[in-house]
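What follows is a short report on a single structure.
All values below come from the heavy atoms of this structure, side chains included, with hydrogens, waters and symmetry mates left out. Convention: sequence-line order gives letters A, B, ...; per-chain numbering from 1.
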Amino acid sequence: MGRESVKKFGVVVFPGSNCDHDAYHALKHVMQQDAEFIWHKNTTLGDVDAVILPGGFSYGDYLRTGAIARFSPVMREVVKFAEAGGTVIGICNGFQILLEAGLLPGAMLRNRSLKFICKYVTLKVENAHTRFTSACTPGGLLKIPIAHGEGNYFADDDTLAELCDNGQIVFRYSDEHGNTTDETNPNGSLLNIAGIVNKQGNVLGMMPHPERAVESELGSTDGRTIFTSIINNVLHHSS
Amino acid sequence: MYQATIIITLRTSILDVQGKAVEHGIHSLGMTTVSNVRIGKQVQLEIDAHSDEDAARITDEACRKILANSVMEDYSYTVAKV
């Protein structure tokens, strides 16, 4: 892989982020890309090609998940970056922050079981025509772990209809045959939603952790297809 | 100085699983006349405001902008001079 095809990822670090190093490792050491941490108090993103809001418990999940992190100084820049068409992926707590920031529609409720759930799930790729999923097979299945207490996606009926009509639902919780039923829904999410994009298609939020599924030693490499898609699709900052 | 007391609950259209679990607990005590248990949170804050209206306006702004998420929550508040 030539250096010109290497992309630079900025991993935002909030107080309480705990998947920031996993995301950095996945991109830098496994995917062989450039990666750097961006402290949440930064007022610039630098010359990154894509931004990752990692998982964790930013601000201890006080008030609501993501509710305080979304007011961190760096988030003004993330919003600007996203509005200019920049690629942003929020994973788990990062997804929750994107919802609170209004970059994605909807909100996260407590899991219907009221339990923190940490396990592998099967995701069905509902839309393989996004910059985050172009390397996935349409309707294909990904084995990626979840680890959250508030992943029960909620939105009003109009918003849900809009998500469906625009193909904004990217991943749904399914079984190993691709059936999306109540039994395959780990947290109560409406329509088994595990990940969505914004209308413009440049901001993805997903509860499962692709950065934890990039090495076979750890059980799955399916997360790589998401990072490969991003690497294939984002333009290099200087190009 | 004013003190605002804010109550935030899940919107009534949303199933409150925590409230439901607590309701089952109450019923298991034999208190079967209890129903519709809803769990929420209370936020108290003090405001240096010039009038009741001013204090209410600031409280409402805080609720809208950070304290409550209107996608899933309702809020109500009272404001009192202290």
Side-chain angles (χ1 to χ4, degrees), chain A residues 58-73 75-76 79 93 95-117 148-163 182 185-190 193 196 198 205, chain B residues 2-29 31 34-49 55-79:
Chain A
S58 56
Y59 292 89
D61 280 351
Y62 297 160
L63 192 62
R64 293 179 307 279
T65 56
I68 303 176
R70 75 88 128 199
F71 291 108
S72 276
M75 283 305 294
R76 276 194 291 272
V79 170
N93 188 225
F95 186 7
Q96 295 162 339
I97 295 168
L98 290 174
L99 294 170
E100 284 285 340
L103 286 174
L104 291 171
M108 283 299 173
L109 300 168
R110 290 276 296 273
N111 292 346
R112 64 180 164 185
S113 64
L114 295 175
K115 286 179 182 152
F116 187 96
I117 304 168
H148 59 247
E150 280 96 359
N152 180 352
Y153 181 81
F154 174 82
D156 61 36
D157 292 343
D158 291 346
T159 305
L160 277 182
E162 206 172 309
L163 289 175
D182 198 49
N185 188 337
N187 51 28
S189 285
L190 291 177
I193 286 173
I196 57 171
N198 62 344
Chain B
Y2 288 82
Q3 185 175 64
T5 303
I6 301 149
I7 302 283
I8 301 157
T9 50
L10 280 179
R11 282 170 47 184
T12 47
S13 58
I14 296 176
L15 173 67
D16 177 0
V17 279
Q18 215 181 339
K20 215 36 133 188
V22 171
E23 187 173 308
H24 286 142
I26 293 173
H27 287 172
S28 71
L29 292 171
M31 302 166 72
V34 174
S35 63
N36 203 20
V37 177
R38 311 278 300 173
I39 306 256
K41 50 195 156 194
Q42 176 176 316
V43 180
Q44 269 185 358
L45 42 91
E46 289 190 348
I47 307 162
D48 187 5
R57 182 183 57 74
I58 292 166
T59 304
D60 200 75
E61 185 178 351
C63 287
R64 276 186 287 109
K65 290 188 174 170
I66 180 166
L67 296 178
N69 181 333
S70 62
V71 175
M72 58 179 176
E73 293 171 326
D74 290 326
Y75 63 86
S76 61
Y77 56 83
T78 55
V79 180

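- Within the 4.5 angstrom heavy-atom criterion, only backbone atoms of A:Asn111 (N, CA, C, O) approach chain B.
- Two residues are said to be in side-chain contact when any heavy atoms from C-beta on lie closer than 4.5 Å; A:Thr159 and B:Val71 fail this criterion.
- In terms of heavy atoms, A:Arg64 sits closest to B:Glu73 at CD-OE1, 3.4 Å.
- Of all non-hydrogen atoms in A:Ala107 and B:Asn69, the two that sit nearest each other are CB-ND2, 3.8 Å.
- Interatomic distance, CG of A:Asp156 versus CZ of B:Arg11, reported as 6.5 Å (0.5 Å rounding).
- For the residue pair A:Phe71 and B:Lys65, the shortest heavy atom distance occurs at CZ-O, 3.3 Å.
- At most 12 heavy atoms of other shown residues, nucleotides or ligands fall within 6.0 angstrom of atom NZ in A:Lys115.
- Looking at B:Ile8, neither its backbone nor its side chain comes within 4.5 Å of chain A, counting heavy atoms on both sides.
- Among A:Leu63, A:Ile68, A:Asn152, the residue making the largest number of heavy-atom pairs under 4.5 Å with chain B is A:Leu63.
- Nearest heavy-atom pair, A:Leu114 versus B:Val17, reported as atom, atom and distance to 0.1 Å: CD2-CG2, 3.6 Å.
- Residue contact with chain A, scored on non-hydrogen atoms closer than 4.5 Å, is absent for B:Leu15.
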